[in-house]
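Starting from 1, each residue takes its place in the sequence as its number. When a ligand or atom number is given, it counts from 1 through the structure's own listing order. All figures in this text were calculated on a predicted structure; none of them were measured in a lab.
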Amino acid sequence: MTTKAFGAHAADQPVVALDIQRRAPGPRDVQIDIAYCGICHSDLHTVRSEWPGTLYPCVPGHEIVGHVSAVGSEVSGFKVGDTVGVGCLVGSCKHCASCDEGLEQYCTNGFVGTYNGPTADAPGHTLGGYSQRIVVDRDFVLKIRHPAEQLAAVAPLLCAGITTWSPLRHWNAGPGKKVGIVGIGGLGHMGVKIAHALGAHVVAFTTSESKREEARKLGADEVVNSKDAAQMKAHAGSFDFILNTVAASHNLDAFTRLLKRDGTLCLVGVPEHAHPSPNVGGLIFGRKSIAGSLIGGIAETQEMLDFCAEHGIVSEIETIAARDIEVAYERMLKSDVKYRFVIDTATM
Ligand code: NAP
Ligand code: ZN
């Protein structure tokens, strides 16, 4: 089925309107008419080949919300008209140890990303949510229980929400824990909201003084300008856990220094250029860890969506027309977004 989409034909070409083909739904498929799709920094990294391996044409987008418009004969969990979401995953082997534990993002046989992943569909790689419609295996479709008027603001939960939820839960952010969130962008602002809702004492680290007041409204108990050495020093040795969402290369020692003994700095940002090698002594003297975390599994994504619906949590968004995606990218690169751009699919 011919479907309108926005994507790029090459790394040095802008994101423009193009037509793509979607498969007819198979027995286990759910066809979704997309209402909104968030713009993740990973979209920009991918579409501009800042990471290796981008296949073109590239249609990004993995913060998808919309309504079911058809289901296959073996689909019982969804029906036409249901409000649903799709995140970063549309497939995995379903039988490895990770898949068995509901951690499809760590599938040892390789998960299928919502874009730039392997597929039998033309053109041989998956095409994402900057499009009017998508067809997805039922096992990778999420139920959305937020009020209908919040739908656009729910979209970013499908990546920014789960990518912060998963490590915050894994490292037990909650009452009695001091938790830092570094970089108050799309991921970071969700991290602040979620860590606050989980009951942790939350400190937001930002390079943008203009975000200070808002970070408090998002749920931060304290806000630190990470460029100010004195403000940083005041928190030395005090954190149980720090989640670093920064999308650019920077000195990690500034944050490992703030950890308590046995504390963890978890990286989720994947910058184009590597971070300078961290100071190993700083880790050894304190048994500190630098860790990483990748999005989240399907079951925990549903758990996060339900938690957010229950606690009234959505993303802070600026809705844009599809023709303005490149403008949004340039603003995202300047940290000039509060805090996630979301494409209104009706503008395609
Ligand atoms: P974003 O909206 O651009 O936010 C990144 C934030 O980092 C900015 O708002 C800014 O916050 C801060 N920042 C930017 N440049 C900086 C610099 N040079 N030094 C220090 N801080 C800087 O991006 P996003 O969509 O949240 O994504 C963040 C990163 O996570 C990207 O690399 C993305 O690819 C990655 N990601 C990873 C996963 C995963 O599963 N691990 C999933 C999704 C995304 P302040 O203004 O507050 O300083
Ligand atoms: Zn993302």
Side-chain angles (χ1 to χ4, degrees), residues 37-48 50-51 54 60-64 85-89 103-106 111 113-116 128-130 155-168 170 180-193 203-216 218 220 223-228 232 243-252 254-255 266-276 291-297 300-301 315-318 328-342:
C37 183
I39 294 185
C40 178
H41 208 115
S42 302
D43 301 352
L44 188 161
H45 290 307
T46 303
V47 81
R48 295 188 176 174
E50 291 181 357
W51 296 337
T54 303
H62 57 206
E63 293 184 338
I64 298 168
V86 177
C88 306
L89 304 170
L103 297 169
E104 298 86 355
Q105 75 277 31
Y106 302 120
F111 69 82
T114 303
Y115 56 82
N116 210 51
Y130 296 6
L157 301 184
L158 275 306
C159 174
I162 184 59
T163 302
T164 50
W165 169 269
S166 184
L168 285 167
H170 183 76
I181 307 287
V182 186
I184 310 304
L187 267 56
H189 94 288
M190 288 311 310
V192 170
K193 287 190 179 207
V203 181
F205 291 91
T206 182
T207 60
S208 306
E209 195 54 44
S210 65
K211 295 179 184 171
R212 180 175 289 278
E213 279 316 304
E214 284 164 12
R216 294 194 65 104
L218 295 171
V223 182
V224 170
N225 185 329
S226 54
K227 293 189 288 195
D228 182 325
M232 293 292 277
L243 183 64
N244 187 329
T245 76
V246 172
S249 165
H250 62 283
N251 175 16
L252 301 179
F255 297 102
C266 176
L267 307 178
V268 289
V270 189
E272 177 183 6
H273 304 291
H275 297 300
S293 184
L294 178 65
I295 44 177
E300 60 179 337
T301 303
S315 178
E316 304 300 311
I317 62 163
E318 183 175 335
Y329 284 169
E330 293 311 314
R331 286 185 51 197
M332 184 162 62
L333 285 171
K334 289 188 279 186
S335 302
D336 174 26
V337 47
K338 290 181 175 170
Y339 283 86
R340 199 55 137 186
F341 291 113
V342 173

With the side chain counted from C-beta on, respond yes when [X] and [Y] share a heavy-atom pair under 4.5 Å apart, and no when they do not.
X      : Y      : value
Arg331 : Glu318 : yes
Leu333 : His41  : yes
Thr54  : Asn116 : yes

Heavy-atom closest pair, residues [X] and [Y]:
X      : Y      : answer
Leu187 : Thr163 : CD2-CG2, 3.7 Å
Cys37  : Gly129 : CB-O, 3.4 Å
Tyr106 : Leu294 : OH-N, 3.0 Å
Val342 : Ile317 : CG2-CG2, 3.6 Å
Ser249 : Pro271 : N-CB, 3.6 Å

Where ligand 1 meets [X] - atom numbers and elements under 4.0 angstrom, heavy-atom basis:
X      : result
Thr206 : 45 (P), 46 (O), 47 (O), 48 (O)
Lys211 : 9 (O), 11 (O), 45 (P), 46 (O), 47 (O)
Val270 : 32 (O), 35 (C)
Leu294 : 40 (O)

ask   = Roughly, to 10 degrees, what angle do Cys159 atom SG and Cys40 atom SG form around the Zn ion (ligand 2)?
value =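 An angle of 130° at the metal.
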Hey, is [X] one of the residues with a heavy atom under 4.0 angstrom from ligand 1?
X      : answer
Val337 : no
Trp51  : yes
Arg340 : yes

task = Go through the steps for Asp43 and Tyr115 under the test side chain to side chain donor-acceptor pair (under 3.5 Å), then give the verdict.
result = CA-CA 9 Å; Asp43 301 352; Tyr115 56 82; 2.7 Å; yes
key: Options His41, His62, His45, ranked by nearest heavy atom to atom 32 (O) of ligand 1, top entry   =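 Ranked by closest heavy atom to atom 32 (O) of ligand 1, first place is His45.
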message = For atom 12 (C) of ligand 1, tell me which residue out of Ala215, Gly183, Ala204 has the closest non-hydrogen atom.
response =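 Comparing heavy atoms across Ala215, Gly183, Ala204, the nearest one to atom 12 (C) of ligand 1 lies in Gly183.
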ask   = Looking at His62, which of its N, O or S atoms is the nearest one to the Zn ion (ligand 2)?
value =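 The Zn ion (ligand 2) is closest to the His62 atom NE2, counting only N, O or S.
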inquiry  = Regarding Lys227 and Glu209, does a basic nitrogen lie under 4.0 Å from an acidic carboxylate oxygen?
reply    =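 Salt bridge: no.
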key: Charged N-O contact under 4.0 Å between Glu272 and Arg48   =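 No, this pair does not count.
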Give the residue and atom name of whichever protein heavy atom lies nearest to [atom], and the separation in Å to one decimal.
atom                    : result
atom 40 (O) of ligand 1 : Ile295 N, 2.7 Å
atom 4 (O) of ligand 1  : Gly185 CA, 3.4 Å
atom 5 (C) of ligand 1  : Thr245 O, 4.0 Å
atom 48 (O) of ligand 1 : Thr207 OG1, 2.5 Å
atom 43 (C) of ligand 1 : Cys159 SG, 3.3 Å
atom 30 (O) of ligand 1 : Gly269 CA, 3.4 Å
atom 7 (O) of ligand 1  : Val246 CA, 3.7 Å
atom 17 (C) of ligand 1 : Ala248 CB, 3.9 Å

ask   = For ligand 1, is any non-hydrogen atom under 4.0 Å from Ile184's backbone (N, CA, C, O), its side chain (CB onward), both, or neither?
value =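 The answer is both.
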key: Contact partition for Ser293 relative to ligand 1, non-hydrogen atoms under 4.0 Å   =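 Looking at Ser293 and ligand 1, just backbone atoms fall under 4.0 Å.
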request  = Using the six-membered ring wherever Trp is involved, compare the ring planes of His250 and His275 and label them parallel, tilted or perpendicular (cut-offs 30° and 60°).
outcome  =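 The arrangement is perpendicular - the two ring planes meet at more than 60°.
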query = Does the N or O separation between Pro271 and ligand 1 drop below 3.5 Å for any pair?
reply =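 N/O-N/O distance under 3.5 Å: no.
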key: Sidechain-backbone polar pair: Glu63 side chain, Ala160 backbone, donor-acceptor under 3.5 Å   =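 The answer is yes, because a donor-acceptor pair under 3.5 Å joins these two groups.
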